[in-house]
There are 2 protein chains.
Amino acid sequence: MNTSRTADRPTLELVDVGAPGCSPAELAGAMNAEQAADLARTLKALADPARLRVLALVAGNEGREVCVCDLTGPLGLSQPTVSHHLKVLVDAGFLTRDKRGVWAYFSLVPGALDAVVSALPGVPARS
Amino acid sequence: MNTSRTADRPTLELVDVGAPGCSPAELAGAMNAEQAADLARTLKALADPARLRVLALVAGNEGREVCVCDLTGPLGLSQPTVSHHLKVLVDAGFLTRDKRGVWAYFSLVPGALDAVVSALPGVPARS
DNA sequence: GCACGGCATTGACGTCTGTCGATACCCCCG
DNA sequence: CGGGGGTATCGACAGACGTCAATGCCGTGC
């Protein structure tokens, strides 16, 4: 048998307070699968110590831009690894890459973090 | 050779505007490795579609509590998998488990998400 | 007290991810 | 135009992660 509801709970009747007409299998406040997958993909880009440190380093040099060779030292990672993390952050929309000549400069995308925060469940808005 | 700075960049001299006396290998605004690892571990708990949907479902039923059997249906996952995700969220401090009799009720930990948001680089505070 | 049912744990498996060395790319300078 | 150096990509490998079936635990009701 499956694990869906087969017995009433003693005291609590879970009422669906969402929009009338929504599926009986859904609870109020449900996040659809596509939204969840998108947000999870973005959060996965953040959920790495090296990438968090990259963001902190770039944020701490607001105005000034940072190139790969500035990061290998503080992070203690090889150049290919740092380049990989930067690519992940650029693909996720947190950084922009600006290649001028031989050097590649990275800077924060304003509002990218706020957008993620706003999409979090239970964090409706920033005042 | 290593990949540290070996040549001056044409226009930019990266100055260290952080606290005087910090390591020359560090840039301003650096996040130390321990902080980064902690935050990354917490974010990893969030960076999964199933867990995001769990949080949304619980948040959407604020006040009412949610038990495992309420979630297997909307999530389309097996009971052990849902239980696993709930454990991850409880361990990360986002949910509390309250086992009353046969049922286990889960509810949001107020402020847990805000704490994560505040720790993000470039998101200094919530007003 | 015995069966039922909700929940947690275990073990296994396929996939994803972070890391590095090697190498390719390409712009600048002499 | 040839070499040097900063960066990106490739291939490989170890470890972590998400998922499920099977099983164990335990409170409830008959």
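Just so we're on the same page: letters track the sequence lines, and every chain starts at 1. The figures that follow rest on heavy atoms only: side chains count, while hydrogens, waters and symmetry mates do not.
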So, [X] side chain and [Y] main chain: donor-acceptor pair closer than 3.5 Å or not?
X     : Y      : value
A:R51 : A:L46  : no
B:D70 : B:C67  : yes
B:R97 : B:A104 : no

What is the separation between atom [atom1] on [X] and atom [atom2] on [N], rounded to the nearest whole Å?
X      : N      : atom1 : atom2 : result
B:K44  : C:dC16 : NZ    : P     : 16 Å
B:L86  : C:dT9  : CG    : P     : 11 Å
A:L75  : C:dG18 : CG    : C1'   : 13 Å
A:L95  : D:dT7  : CG    : C1'   : 16 Å
B:D98  : C:dC7  : CG    : C1'   : 14 Å
B:Y105 : D:dG27 : OH    : C1'   : 12 Å
A:W103 : C:dC28 : CH2   : P     : 9 Å
B:L71  : D:dT19 : CG    : P     : 14 Å

Heavy atoms, side chains only, cut-off 4.5 Å: are [X] and [Y] in contact?
X      : Y      : result
A:L108 : A:L113 : no
B:T81  : B:L75  : no
B:L55  : A:L120 : no

Nucleotide nearest B:V68 when distance is taken to its side chain, options C:dA8, D:dG18, D:dC20: C:dA8
B:H84 has a side chain; which of C:dC7, D:dT7, D:dT19 sits nearest to it? D:dT19
Tell me whether the OP1 or OP2 atom of [N] has a side-chain N or O from [X] closer than 4.0 Å.
X      : N      : result
A:R100 : C:dC27 : no
A:R97  : D:dT7  : no
A:S83  : D:dA8  : yes
A:H85  : C:dT19 : yes
B:T81  : D:dC20 : yes

Output all residues satisfying side-chain contact (heavy atoms from CB on, under 4.5 Å) with A:V102, sequence neighbours left out; order by chain, then residue number. none
Would you classify B:R41 as touching base, sugar-phosphate or nothing, given that sugar-phosphate means primed atoms plus P, OP1 and OP2, and contacts are heavy atoms under 4.0 Å? nothing
Indicate, with a heavy-atom threshold strictly under 4.0 Å, whether A:V102 touches base, sugar-phosphate, or nothing. base
Heteroatom pairs (N/O) under 3.5 angstrom, protein to nucleotides 10-12 of chain C:
none

Between A:K99 and B:V82, the residue closer to the 5' end of DNA chain D by nearest nucleotide is A:K99
Salt bridge (Lys or Arg N to Asp or Glu O under 4.0 Å): which pairs involve residues 78-96 of chain B, sequence neighbours left out? B:K87-B:D91
